[in-house]
Participant: 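Please find one structure pasted underneath; my questions will follow.
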Amino acid sequence: MSKRIWNHPEERQTGRKYWRSLGELDDTPEFREWLDREFPQGAAMMRDESDADVSRRSFLKLMGAATSLAGFGMAACRRPETHIKPYSKNVEWVIPGKALFYATSMPRLLGGATPLVVTTFEGRPTHVQGNALHKESNGSVDSFAQASILDLYDPDRSKDFLKAGVKSTRAEFLAFLEAEKAALSAAQGKGLALLLDGVTSPTRQRLVAKVQAAYPQAKVYRYEAFDNTNQEAATEIAFGKGVQQVPHFSKADRILSLDSDFLGLFRPKASSVSKFMDGRRALKPEDPMNRLYVVEGRYTATGGMADHRLRVPASQIMKVAVDVAKAVAAATGDAGLKSAAEAVKVGSEKPSSREDYAAWVEEAGKDLAGKKGRAFVLAGPQQPKEVHLLVAAINQALGAFGGPVELKQIESTETGTLAQLAESAKKGEVTHLVMVGQTDPVYDALADIDWAKAQKAVKHVIHSGVRHRTATARAASWHVPGTHYLEQWGDLRGISGAVSVIQPMILPLYEGVSDIQLLSLLAAPPVPAAPAVPAPAPAAPANGALPEESKDTGYLAVRETFKLLAKPADEAAEAVAWTSFLRDGFIANSEWPAASASLNAAAVASGVASFTDVAPPNAGKMELNLVPCSKLWDGRYTNNGWLQESPDPISKVTWDNVALVSVRTANDMKLKKSLVDDDADVIKLTLPGGAEVEVPVIVAPGHADNSITLAVGYGQGEGENGPGRVGEATGWNTYPLRTTKAPYFISGVDVKKTGVLMPVACTQEHNTMYGRELVREGTSDRFKEHADFAKTEGQDGHIPQDFSLYKPNDLKGQPLLSDKVHQWAMTIDLNTCIGCNTCSVACQSENNIPIVGKRAVIIGREMHWIRMDRYFAVDLDGGHRKEGQEFEPGSPAVAPAKHGEGAEVREIDDPEMLFQPVACQHCEAAPCETVCPVNATVHSEDGLNLMVYNRCIGTRYCANNCPYKARRFNHFDYGKREPLHKPDGSKDNMHEKESDWLGLKPAIRNNLQLGPLGEIYQPESLKLQKNPNVTVRMRGVIEKCTYCIQRIEAARIDAKKVSRTKAAELGQSNANLKISETDLQIKTDTVKTACQLACPADAIVFGNMADEKSKVTQMINHPRNYQILRYIGTRPRTSYLARIKNPNPQLLARSPKEAAKVGQATAHMH
Amino acid sequence: MAAHTHDDHMPALDGPCSPAKVLLREPLVLNNRSYGWITDRIAGIVEKPQPKIWWYIFIPSVMLFLVMASLFGYLISTGVGVWGNQHPVSWGWPIVNFVFWIGIGHAGTLISAILFLTRQKWRTSVNRAAEAMTIFAVMCAGLYPGLHVGRVWMAWFLAPVPNANAIWQNFKSPLLWDVFAVSTYFTVSVIFWYLGLVPDLATLRDRCKPGIRKILYGLFALGWRGGNRQWSHYEMAYLLLAALSTPLVLSVHTVVSFDFATSIVPGWHATIFPPYFVAGAIFGGFAMVLTLMLPVRKLYGLEDLVTAKHIDNMAKIILLTGTIVGYAYLSELFIAWYGGNKYEFEAFMLRIKDGPYTWAYYCMMFCNVISPQIFWFKWARHNLWVVFTVSMFVNAGMWFERFVIIVTTLARDFLPGSWDMYHPTWVDVWTFIGTFGFFMMNFLLFLRFLPVIAIGEVKGVLPESDPHYNPDALAGGVTEEEIRGEAPRTA
């Protein structure tokens, strides 16, 4: 149980200071160490309160509080008070409440970088956004990058050096390292192994080379649980060493994805989505649109965007690839492709049960071939290298290389794999293993490598990382606390080779050592004998920062690399270049050079021949897909509350990994199809190798039949052996199911229904629109014929002209607007929204939105201000919707409105998937405003629907009357209480089904329900993340999207200053200053909301509709623009742009089913 | 009571001319009870020790009241999250229970005011208890909106008091109208009830031995001596208050219904709500009066005062208002279909078919519309077990009505993406049960300390009180039952 925390006032920094010894006055690390040694109990009192057990002061306070409470009971019952403390001495550059922005970048999962601009307040980074200056970025991020800032402040992150799990010190570690270095140095580095993660950093590469130079026999290995090795291997066969394929989506008109989620999890660059969308923004009806074909086993963001989608189990993708290759070869007459396609040995079974399969593949192939030079095919990293080889052949035939697919010549280094390392470790060849980066192989290595055993065989395992509560760190002999990327120096190479900077936003919060510092230490020659008592560090800051000399190593190393990369003329030029490197965040023109390689057709043809096909899965032998989690990736974000609670874009499940199956498979297995009562069936999977797992299962429309998708990354243990307060006891560990033979998809899996039910926290229980025209959709042809088709769909086609008794103009005919220069509005383009949730996480980060825990999500109390509604457009009765079938409570695929078993479920195997982000719509005639009895929600002059927290008493009437259900209520004090723990401090094991009493939920579930008796405690570090310009809401108030009013107000203040400057420049005296209203207008499109900036597809546009030049005005006047629920007359300021699909006319002509579906989600609603 | 002559019913003239027989009006007090008997019987309830059963109900009621009080304490200290409220059902059981209790609080003032103005003399035996019930029910109701808010300590923002913020209430909000309507109703009801109590308090004072009781009764009797001047002033004041209360009977539930009717939620946004809510409230209120009076009358031997005629009348009102409510339910469905608004139609379709709470709709339909139809039969109105059972059904049915309106509607509104199921928690359930304890505790204390029947008024409806009272003319009268050849009516 974590301790009770009593907050003392900060120690005074000025004035008289009392001390008991010179050591105390200095408060050096040595003094603290001495204190620890000499007075183990007294030392606790000197440490931070957060480290203290029960200190004398807290004991006295507790006693005093208990006595006074016993005496006066309610005497302590008063309204909450908080204090704001000003600086007593100003810090240079820092104005409280004003943000400073710095460029940096985030190391990416599959290599590469996300260029970032980080918002810092008073030295605390609080929010990240993309760096639009960077070529690989459009200024957007993804949810991993957006949420990564929370990891910096994670109270469970690594803080101390650990020696075999026991707290140690930096000095002790250094002494150990120097001794071992000396020994290793003598042995030429024999027995030394370096295990790196997938980060592509020039400095790291340089330092690794230095280590190898210092210890010639040392070996270097690289490991990521999910990587791109299949494609890399294929590229090497096809093009030779050191070649990298870089896709350019803006250069393609036709794209075929073979199980590649390039818009979702496997985004090559931060700008990929935006570049892809640029080809299909459909701003004008005559604008050309690209066309996307997707073949995949489960719905992904990419599949949702597809114009034509074919659901095929992952193991059967090769069959589709071969058929497409044949079609392309026939259309292009490419002999090389034809022979490559024929060289693949595949079974004769059809990969899809669709009757129009042959037409689909042929037409797709023809269509690709018809756009030679502007078409290409992508395969997912989980597909075997033979698929990638065949794809390379297809791309060659399509003339993609040099066009939409660029070949780059990269600097590659030889590294071993984890399997090789495990083998030599087991043989006893490795005595010293240094693990650098964020990987956790004991947890996530392939099962048959048996890494845990291999790691045990190594005498000295030095593990470094931000997380110490991992299986690998626990098994290591030394753990070195790592730094978060926001606290360290570093550099990165993106996929196209551009070098980006990682610069620290804050001093390390704890005793962190970055990967570069660790490698520098390793590369440095051993110091003969570490002094017994290290010399006192000169003026080390009291907040536990690194001593000066070790802090510099990271910086110096990066700067040295920079010198080598930027090749400046002289020292002065170097300083200038360095400054611009820090300011812009990247080195211009540092991309990899183009490769001169060409496809080796013979190698491809012989390469694909090694493919071994498997039969399509059937009811007895299903296929299991193991995929990285859309929230936790490989599991590294398990302790990140924002990501854990962010619903999976497709399944909408939070906090767990659940198995996904198709509607038909669920029917065959008699599984529960509805999540309306929050319980899901548990199934037991038995793999051919004997591994087993039991997980809950839910229905995922559009999933391939007899196939199961299961994410990894969960089930990392509980309590002391868990990953921390957020991640413990969530989901199920599925890594033991992965083997070298079948790391991604496994055939022949036996699946049984156990009959057990388990609660699953799903944020959306209903999956169809029930015939309501919410996400409007049309085809490109319809758009051309009838550009404003979306405006008259559904009920909107029938509503009479609105009229108001209130006149919009005054007697002189002037509009009655009190603010004539600012009227805020937002549009969301559903044509480009991929449903990725990044907006939701960005909003959480910007607006201090709490997480609530799985139990509360089950009840329906999640707090997200912007939520992502996901609907499946149900294809009824074999593609022919009947008149009058719009409203069918009983028909939706996943949720038959009747509860429980036996309800009729129609086959909806191939639905379309649509997304709609919904936040407060800022209605001009807001229904919430009229019903609030205390005027807590009112309208501002510039058209915002305001929420006055101080005035709100929490009647929740506004939430009831909001037709968009955009208002959220603070049911508890989430800002002050830990929502995830039970009263005894243990984690609320959310896998257990709640015991029911007459259908009622149990009394006290967790700490929140304990009220004043519960723990009033928020980890101190989490408070540092909060945006100081946004109130942290207390319990009992409603909150909702504000259009980031804090950003609007900041811009308004700036505009006022600008206009004052302007007036001064005109030479007017203060008394004569005449500033017109338009002078005060904020410059067009300069205010951007957090969600807008984060959106990778640039789907969200926010701006001033009173400004004719603004982008939002254009989008409002766009023919595709419509408002949801317009007939109620709320006049929302947020409007949507209808989605356009660009189907292949030839395919539609051949497939009536496809014609009835693509772009037809709302066509029948009239 | 005026004697009637029925010339057109004269017997045939062929026989000896017999004197005309008077058709006797059904007496409101049976067995020719005297003034003294009435005073003794009613005052005796207060003066004698309570029967054991009083204690058997009182002690659990107090315990339930304490449960309620502690759960409200828990709520205030911890947060609204202890209840089942969520998104999209931001109002759950608390508001269901609020509307339920406020509805019950309607019968009392209706009986006292409207029936008084329309000269329905049968009201006198039941009005006191009904008014008491009203006040206690409104107290239970008032707890909910006050305490369900997120920040109870700021609930005073609802009161139009000048404050430093210079922010007034939002007078457009039906919730604010509610605050005024309910508080006015409560105030007037209490004054009206108290005014009616004054003569009886004086009676109790006069019968007391000196002591604390005498002092207190004396204090509250306000020096009542029963003089003519006092009576004439009293009756004028009573009449005026009755006239003042009458619109309140209609206004309170009308305003409560505005909480729903003025919103834009499909299933709430309907013009039929005000009359439908008022009828429903009278319906539920009378059911609760019957639920309480049937045992009280038996327990304290008041069969001569609260007679079968009273019960019969109240059963008829339940039949009437139940049918109005049924009509309202059906016309809601009709308008949902006829109105052509898809969302409204779907909201009602989800109530009656395949919705998550369809069972609640049919519970409501059975309890409120079907079960009272038995009162078309006289035997049913005269069988106390049937009457009691139906009144219990109606009590439950009216709760289900509010549940259907609030929870069903909110759980399925405009955007299917935000639909979610609502489940109450144990705190919801026990708080609601606790309010019954609070209500019963108050009612039992009322029985213990105040006259349950208005002594002064009941005496006013005795035949002897009629200035034209002629015992001889009535001596040979016949009753309706005798003419019909039915058995004489007994208690």
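Model, not experiment: these values are computed from the prediction. In what follows, chains are A, B, ... by sequence order, proteins preceding strands, each numbered from 1.
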Participant: Which atom pair, heavy atoms only, marks the closest approach of A:R772 to B:F414?
Facilitator: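 Closest heavy-atom pair between A:R772 and B:F414: NH1-O, 2.7 Å.
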Participant: Just so I understand: if I count every heavy-atom pair under 4.5 Å between each of A:Q916, A:M769, A:R968 and chain B, which residue has the most?
Facilitator: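 Option with the top pair count is A:R968.
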Participant: Hey, could you give me the CD1/CD distance between A:I858 and B:Q86, rounded to the nearest 0.5 Å?
Facilitator: 12.5 Å
Participant: Side chain from CB out, backbone as N, CA, C, O: work out which of these in B:L147 comes under 4.5 Å of a heavy atom of chain A, or both, or neither.
Facilitator: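 Neither part.
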Participant: Are A:V934 and B:W156 packed together at the side-chain level, in the sense that at least one heavy-atom pair is separated by less than 4.5 angstrom?
Facilitator: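 They are not in side-chain contact.
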Participant: Spell out, as yes or no, whether a donor-acceptor pair under 3.5 Å connects the side chain of A:R956 to the backbone of B:S90.
Facilitator: yes
Participant: Between B:Y422 and A:I859, does the side chain to side chain contact (heavy atoms under 4.5 Å, CB included) criterion hold? Intermediate values first, please.
Facilitator: CA-CA 8 Å; B:Y422 167 83; A:I859 304 175; over 6 Å; no
Participant: How close do A:Y957 and B:T262 get, heavy atom to heavy atom, and via which atoms?
Facilitator: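 Closest pair (atom of A:Y957, atom of B:T262, distance): OH-OG1, 4.0 Å.
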Participant: Which distance, rounded to the nearest 0.5 Å, do you find between the CZ of B:R151 and the OH of A:Y949?
Facilitator: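 The CZ atom of B:R151 sits 12.0 Å away from the OH atom of A:Y949.
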Participant: Would you mind checking which part of B:N341 comes under 4.5 Å of any heavy atom in chain A, side chain (CB onward), backbone (N, CA, C, O), both or neither?
Facilitator: both
Participant: Within this structure, what is the NE2-CG distance for the pair A:H766 and B:D420, rounded to the nearest 0.5 Å?
Facilitator: 7.5 Å
Participant: Heavy-atom pairs under 4.5 Å with chain B - which of A:D869, A:V938, A:T955 has more of them than the others?
Facilitator: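 Option with the top pair count is A:T955.
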Participant: Please enumerate all residues that pass side-chain hydrogen bond (donor to acceptor under 3.5 Å, both in side chains) together with A:E1039, with sequence neighbours excluded.
Facilitator: A:W865, A:N970, A:R1033
Participant: Would you name the heavy atoms of B:L410 and A:N960 that are closest together and state the gap between them?
Facilitator: CD1-OD1, 3.3 Å
Participant: I need the minimum non-hydrogen distance between B:L158 and A:P933, along with the two atoms involved.
Facilitator: CD2-CB, 3.6 Å
Participant: Based on non-hydrogen pairs under 4.5 Å, which of B:G417, B:S418, B:P266 is most in contact with chain A?
Facilitator: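 That would be B:G417.
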Participant: Provide the closest heavy-atom pair for A:E773 versus B:Y343 in the form atom of the first, atom of the second, distance.
Facilitator: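 Between these two residues, the closest heavy atoms are OE2-OH, 3.6 Å.
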Participant: Hey, could you give me the CD1/CD1 distance between A:I1128 and B:I264, rounded to the nearest 0.5 Å?
Facilitator: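 Between A:I1128 CD1 and B:I264 CD1, I get 4.5 Å after rounding to 0.5 Å.
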Participant: Let me know if B:I76 has heavy atoms under 4.5 Å from chain A in its side chain, its backbone, both or neither.
Facilitator: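 The backbone, not the side chain.
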Participant: Do the charged groups of A:E929 and B:K172 touch, with an N to O distance under 4.0 Å?
Facilitator: no
Participant: Is a side-chain donor or acceptor of B:W268 paired with a backbone partner of A:N961 at a separation under 3.5 angstrom?
Facilitator: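 Between the backbone of A:N961 and the side chain of B:W268 there is no qualifying donor-acceptor contact (under 3.5 Å).
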Participant: A:N935 side chain to B:I167 main-chain N or O, any donor-acceptor pair under 3.5 Å?
Facilitator: no
Participant: Select, from A:T763, A:T1130, A:L774, A:L1125, the one with the greatest count of heavy-atom pairs under 4.5 Å involving chain B.
Facilitator: A:L1125
Participant: Looking only at heavy atoms and a cut-off of under 4.5 Å, which of A:D973, A:I1038, A:N950, A:I1124 has the most pairs with chain B?
Facilitator: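 Heavy-atom pairs under 4.5 Å are most numerous for A:N950.
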Participant: So which of A:V918, A:V1037, A:V931 has the biggest tally of heavy-atom pairs under 4.5 Å with chain B?
Facilitator: A:V931
Participant: Sequence neighbours left out, what passes salt bridge (Lys or Arg N to Asp or Glu O under 4.0 Å) with B:D413? Give chain and number order.
Facilitator: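 Listed in chain order: A:K965.
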Participant: With a 4.5 angstrom heavy-atom cut-off, is it the side chain or the backbone of B:W168 that approaches chain A, or both, or neither?
Facilitator: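 Just its backbone gets close to chain A.
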Participant: With a 4.5 angstrom heavy-atom cut-off, could you sort out which part of A:C962 is near chain B: side chain, backbone, both or neither?
Facilitator: backbone
Participant: Looking at CZ of A:F972 and OG1 of B:T78, how far apart are the two atoms once the value is rounded to the nearest 0.5 Å?
Facilitator: 7.0 Å
Participant: Counting heavy-atom pairs closer than 4.5 Å to chain A, which one of B:D259, B:V152, B:V82, B:V179 comes out on top?
Facilitator: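 The candidate making the most pairs under 4.5 Å is B:D259.
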Participant: If the plane angle is over 60° it's perpendicular, under 30° parallel, otherwise tilted; pick one for B:H87 and A:H971.
Facilitator: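 B:H87 and A:H971: perpendicular rings.
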Participant: Please find the pair of heavy atoms, one from B:W153 and one from A:M1034, that lie closest to each other, and give the distance.
Facilitator: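 Result for this residue pair: CZ2-CE, 3.6 Å.
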Participant: Taking the six-membered ring of B:F157 as reference, does the NZ or CZ atom of A:R951 fall below 6.0 Å from its centre and within a 45° cone about the axis?
Facilitator: yes
Participant: Looking at chain B, which one of A:C932, A:C762, A:A959 has the largest number of heavy-atom pairs inside 4.5 Å, strictly under?
Facilitator: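 When all of A:C932, A:C762, A:A959 are compared, A:C932 has the most.
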